[in-house]
Amino acid sequence: AVLGCALLLPTVLGEDCPSQCSCWSLGEPWGTGVDCSSRGLRALPALPRLTRRLHLHNNSLASIPAGALDSLGHLQELQLWDNPWHCDCHILYLKLWLQDFSAPALARLRCASPAQLRMKPLGQLTGNDLGVCTRLLPTKCLQFFWRDLILIAGAIIILLLVAWAVKLSKKLVCQLSLGSRRLRRSIPKTH
């Protein structure tokens, strides 16, 4: 039993509660509850990896940085309402993430700005509402895109080279075949 506690200790110590929030244990296998509601937060704090319940309602959050919630694989409950969400390209990550996580949580969120989108539900935002978002994909996705594009271009070049080589080999075979016929005609037959 002592060894089991020693193995769990680094995990528990590594799960620090953000200083602006209060945390409670849901029991070791169930993770942590984190209450950051009504704290005037303007940015998302670093959250424990094993967070199961997260309360961020009634703060001053205008957006969530892309990728900020991706590490919370154990999250089961999220409360985000009553924040002044600014609905531009930066809100797209939160909208897409919530579509996968919880449609009811997404339905409760409304834009506070810009003026033309005030009170519009985040779930109803369209590409037309957000305008031109030049950088919708995270950098990692763009790196994969360029890598894939280079691989595809390389494959096309190889296919073109193979097609050219096949064509050249057919031409060479034809020339060899014609050359051997000419050679046979020029050799006198001796009986």
Side-chain angles (χ1 to χ4, degrees), residues 1-115 117-126 129-131 133-144:
V2 173
L3 180 59
C5 289
L7 292 174
L8 292 177
L9 190 58
T11 305
V12 173
L13 290 176
E15 295 288 310
D16 291 333
C17 185
S19 60
Q20 314 92 311
C21 308
S22 60
C23 299
W24 67 97
S25 174
L26 300 171
E28 184 58 38
W30 297 283
T32 305
V34 181
D35 184 5
C36 300
S37 61
S38 304
R39 309 292 165 105
L41 297 177
R42 292 179 175 271
L44 188 68
L47 298 165
R49 187 178 43 83
L50 294 176
T51 299
R52 292 261 182 174
R53 295 182 184 159
L54 179 57
H55 302 174
L56 289 166
H57 57 283
N58 195 29
N59 277 297
S60 298
L61 298 171
S63 68
I64 301 286
L69 301 172
D70 293 347
S71 64
L72 302 179
H74 301 284
L75 194 63
Q76 293 178 341
E77 177 187 330
L78 179 60
Q79 298 176 2
L80 288 168
W81 66 85
D82 288 335
N83 278 291
W85 301 110
H86 181 70
C87 295
D88 65 0
C89 293
H90 294 101
I91 203 71
L92 192 57
Y93 165 76
L94 179 61
K95 178 186 185 278
L96 295 174
W97 191 88
L98 282 172
Q99 282 175 342
D100 290 340
F101 177 73
S102 169
L106 177 60
R108 293 192 71 175
L109 304 186
R110 303 206 176 274
C111 300
S113 60
L117 297 176
R118 185 166 174 70
M119 295 309 295
K120 182 164 186 166
L122 251 64
Q124 294 178 10
L125 288 176
T126 64
D129 294 328
L130 297 175
C133 295
T134 56
R135 195 158 169 180
L136 296 179
L137 298 173
T139 304
K140 289 180 183 176
C141 290
L142 288 174
Q143 289 170 348
F144 286 123

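- Taking OG1 of Thr32 as the start and CG of Leu47 as the end, the distance is 10.5 Å to the nearest 0.5 Å.
- Going from atom CG of Asp82 over to atom OG of Ser38 covers 8.5 Å, rounded to the nearest 0.5 Å.
- Looking at residues two or more places apart in sequence or on another chain, you find a side chain to side chain donor-acceptor pair (under 3.5 Å) between Asp70 and Tyr93.
- The minimum heavy-atom distance linking Leu106 with Gln99 is given by the pair CD2-CG, 3.5 Å.
- Put simply, the side chain of Asp35 never gets that close to the backbone of Ser22: no donor and acceptor are under 3.5 Å apart.
- The two residues Ala68 and Leu44 have their closest heavy-atom pair at CB-CD2, 3.6 Å.
- Note: His74 NE2 to Leu26 CG = 12.0 Å, rounded to the nearest 0.5 Å.
- Contact detail for Ile91 and Ser63: the closest heavy-atom pair is CD1-CA, 4.2 Å.
- Remark: Ser60 engages no residue in a side chain to side chain donor-acceptor pair (under 3.5 Å) (not counting sequence neighbours).
- Looking at Trp97 and Leu92, their side chains never come closer than 4.5 Å, going by heavy atoms from C-beta outward.
- Considering NE2 of His90 and CD1 of Ile64, their distance stands at 13.0 Å, rounded to 0.5 Å.
- By the side chain to side chain contact (heavy atoms under 4.5 Å, CB included) test, His86 is found to be paired with Ala62, Asp88, Ser113, Pro114, residues two or more places apart in sequence or in another chain being considered.
- Legend: residues meeting salt bridge (charged side-chain N to carboxylate O under 4.0 Å, His left out) with Arg53, ordered by chain and number and at least two apart, are Glu77.
- Taken from SG in Cys87 to NZ in Lys95, the straight-line distance is 10.0 Å, to the nearest 0.5 Å.
- Panel note: side chain Ser102, backbone Ala105; a donor-acceptor pair is recorded below 3.5 Å.
- Residues that satisfy the side chain to side chain donor-acceptor pair (under 3.5 Å) test with Ser71, not counting sequence neighbours, are absent from this structure.
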Mind running side-chain contact (heavy atoms from CB on, under 4.5 Å) on Leu109 and Leu94 for me, showing each step along the way? CA-CA 10 Å; Leu109 304 186; Leu94 179 61; 4.2 Å; yes
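- Qualifying side chain to side chain donor-acceptor pair (under 3.5 Å) partners for Thr126, counting only residues two or more places apart in sequence or in other chains: Asp129.
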Run the side-chain contact (heavy atoms from CB on, under 4.5 Å) check on Leu98 and Asp100 step by step: do they pass? CA-CA 5 Å; Leu98 282 172; Asp100 290 340; over 6 Å; no
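- Taking every heavy atom of both residues into account, Leu72 and Pro48 meet most closely at CD2-O, 3.5 Å.
- Proximity of a side-chain donor or acceptor of Asn83 to a complementary backbone N or O of Leu61 within less than 3.5 Å is detected.
- The environment of CH2 in Trp81 is crowded: more than 12 heavy-atom neighbours from other residues, nucleotides or ligands sit within 6.0 Å.
- Heavy-atom minimum distance, Pro18 versus Ala46: CG-O, 3.1 Å.
- Here the side chain of Arg52 pairs no donor or acceptor atom with the backbone of Gly33 at under 3.5 angstrom.
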Given the rule in the side-chain contact (heavy atoms from CB on, under 4.5 Å) test, do Ser37 and Leu56 qualify, once you have shown the distances and angles that lead to the verdict? CA-CA 5 Å; Ser37 61; Leu56 289 166; over 6 Å; no
I'd like to know whether Asn59 forms a side-chain contact (heavy atoms from CB on, under 4.5 Å) with Arg39, so could you lay out the CA-CA distance, the side-chain angles of the two residues, the decisive distance to 0.1 Å, and finally the verdict. CA-CA 6 Å; Asn59 277 297; Arg39 309 292 165 105; 3.8 Å; yes
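- A pairwise comparison of heavy atoms in Trp85 and Arg110 identifies CD1-O, 3.5 Å as the closest pair.
- Looking only at side-chain heavy atoms (C-beta outward), Gln79 and Leu54 stay at 4.5 Å or farther from each other.
- The aromatic rings of His55 and His57 are tilted relative to each other, their planes meeting at an angle between 30° and 60°.
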